[in-house]
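Starting off with a structure, shown below.
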Amino acid sequence: LWISPGDPPLTFATPGLPALLLPAAFLSGENPLGYELLCWGWLVLADALAWLWFRRRMPPGAALAATALFALNPLVLSRAGVVMSEIPFLAFSLALLLALEAKRPLPACLCGLALAFAWLIRPGALALWACVWTYYVLRGERRQAGESLLCALAPVLAWKHASVVLRRVAR
């Protein structure tokens, strides 16, 4: 961060959003339009995933209306094209929840890795972790909850360890 004395590494930021922005960096370089278009694409994906979510719970007309209310919500629209982690995290969370309730559910270890990546996109994902594990426990799948927990903690702890090492090396 150029405004910090000594130019320390950015260990307080997680690498998930920068990883998601790599295609824009590759295609548009430093032109902000590429990043904005990619983030707009994440919003379109979130809208489609919201429609799938509603479609499983409502008649088609009601699902379409609920999706329109979601997509045209001023708070959601205010994030269109904004390079921030909220919309990619929302899309990723909806995809994870849809995968969990699919006819052939996501294996617990992959669910844990997905939760870890959700945290790497946005550390506020810890609330999503609690929801997913509660879902497993309420379904009587304690073993899957534990497996998911272990698979989620491994990448997060690895990132935390790496950030500590980077801070020490930078001193």
Side-chain angles (χ1 to χ4, degrees), residues 1-55 63-100 102 106-107 109-129 131-132 151-171:
L1 189 59
W2 63 272
I3 60 171
S4 298
D7 198 26
L10 288 174
T11 57
F12 63 86
T14 54
L17 182 62
L20 293 175
L21 294 174
L22 281 175
F26 179 73
L27 294 173
S28 69
E30 292 186 23
N31 186 345
L33 183 59
Y35 298 92
E36 292 167 359
L37 285 173
L38 181 64
C39 288
W40 179 80
W42 278 104
L43 181 59
V44 171
L45 177 62
D47 292 340
L49 292 168
W51 180 77
L52 290 172
W53 178 264
F54 291 131
R55 188 183 68 163
L64 188 60
T67 303
L69 286 174
F70 167 78
L72 298 174
N73 179 315
L75 184 60
V76 172
L77 283 176
S78 71
R79 300 291 184 251
V82 177
V83 183
M84 294 177 72
S85 64
E86 284 91 344
I87 297 299
F89 174 72
L90 176 62
F92 196 81
S93 299
L94 285 168
L96 175 61
L97 294 175
L98 285 166
L100 276 174
L106 192 64
C109 189
L110 286 179
C111 176
L113 292 174
L115 288 171
F117 189 70
W119 182 87
L120 290 171
I121 295 171
R122 188 167 180 82
L126 290 179
L128 178 64
W129 290 26
C131 292
V132 168
C151 290
L153 286 177
V156 170
L157 293 176
W159 168 251
K160 287 294 197 180
H161 177 71
S163 66
V164 168
V165 169
L166 282 172
R167 270 185 263 145
R168 286 185 185 153
V169 169
R171 290 183 191 173

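Scope of the values below: all heavy atoms of this structure, side chains included, with no hydrogens, waters or symmetry mates.
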Inter-residue atom distance Thr14.OG1 - Ile121.CD1, 0.5 Å rounding: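 The distance works out to 8.5 Å.
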Straight-line distance of Arg79 CZ to Cys39 SG, nearest 0.5 Å: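 If I round to the nearest 0.5 Å, the distance is 12.0 Å.
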Cys151 versus Leu113, closest heavy-atom pair with distance: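 For Cys151 versus Leu113, the nearest heavy atoms are O-CD2, 3.4 Å.
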From Leu98 atom CG to Leu106 atom CG, the distance as rounded to the nearest 0.5 Å: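 Leu98 CG to Leu106 CG: 11.5 Å, rounded to 0.5 Å.
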Salt bridge (Lys or Arg N to Asp or Glu O under 4.0 Å) against Arg122, all qualifying residues, sequence neighbours excluded: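 Result, salt bridge (Lys or Arg N to Asp or Glu O under 4.0 Å) vs Arg122: Glu86.
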Least distance between heavy atoms, Ala46 atom then Ile87 atom: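 In this case the closest contact between Ala46 and Ile87 is CB-CG2, 4.5 Å.
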side-chain contact (heavy atoms from CB on, under 4.5 Å) between Leu128 and Leu97, intermediate numbers included: CA-CA 9 Å; Leu128 178 64; Leu97 294 175; 4.2 Å; yes
Any pair counted as side chain to side chain donor-acceptor pair (under 3.5 Å), so long as it reaches residues 37-50, sequence neighbours left out: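 Found none.
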Residue pair Val156 / Trp129, side-chain heavy-atom distance below 4.5 Å: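 Heavy-atom side-chain distance check passes, below 4.5 Å.
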Atom pair CG (Leu110) and CG (Leu96), whose distance is rounded to the nearest 0.5 Å: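 Taking CG in Leu110 and CG in Leu96, the distance rounds to 10.5 Å.
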Spacing of Trp51 atom CH2 and Leu64 atom CG [to the nearest 0.5 Å]: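 Those atoms lie 8.5 Å apart.
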Closest non-hydrogen atom pair between Ala116 and Pro155, with its separation: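 Result for this residue pair: CB-CG, 3.7 Å.
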CG-CZ distance between Leu20 and Phe89, expressed to the nearest 0.5 angstrom: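 Between Leu20 CG and Phe89 CZ, I get 12.0 Å after rounding to 0.5 Å.
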Minimum heavy-atom distance between Leu38 and Leu21, given as atom pair plus value: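 Nearest heavy atoms, Leu38 then Leu21: CD2-CA, 3.9 Å.
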Donor-acceptor contact present, side-chain Tyr35 to main-chain Gly29, <3.5 Å: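 Flag set: sc Tyr35 to bb Gly29 pair under 3.5 Å.
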Least distance between heavy atoms, Ala80 atom then Leu43 atom: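 So the minimum-distance heavy-atom pair works out to CB-CD2, 3.5 Å.
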Close side-chain approach of Leu33 to Ser28, heavy-atom, < 4.5 Å: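 Sidechains of Ser28 and Leu33: no contact.
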Where Cys111 and Leu100 come nearest, the two heavy atoms and their spacing: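 Closest pair (atom of Cys111, atom of Leu100, distance): SG-CD2, 3.8 Å.
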Residues which pass ring-ring contact (aromatic ring centres under 6.0 Å, His included) with Phe117, listed by chain and number, not counting sequence neighbours: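 For Phe117, the residues satisfying ring-ring contact (aromatic ring centres under 6.0 Å, His included) (neighbours in sequence not counted) are Phe92.
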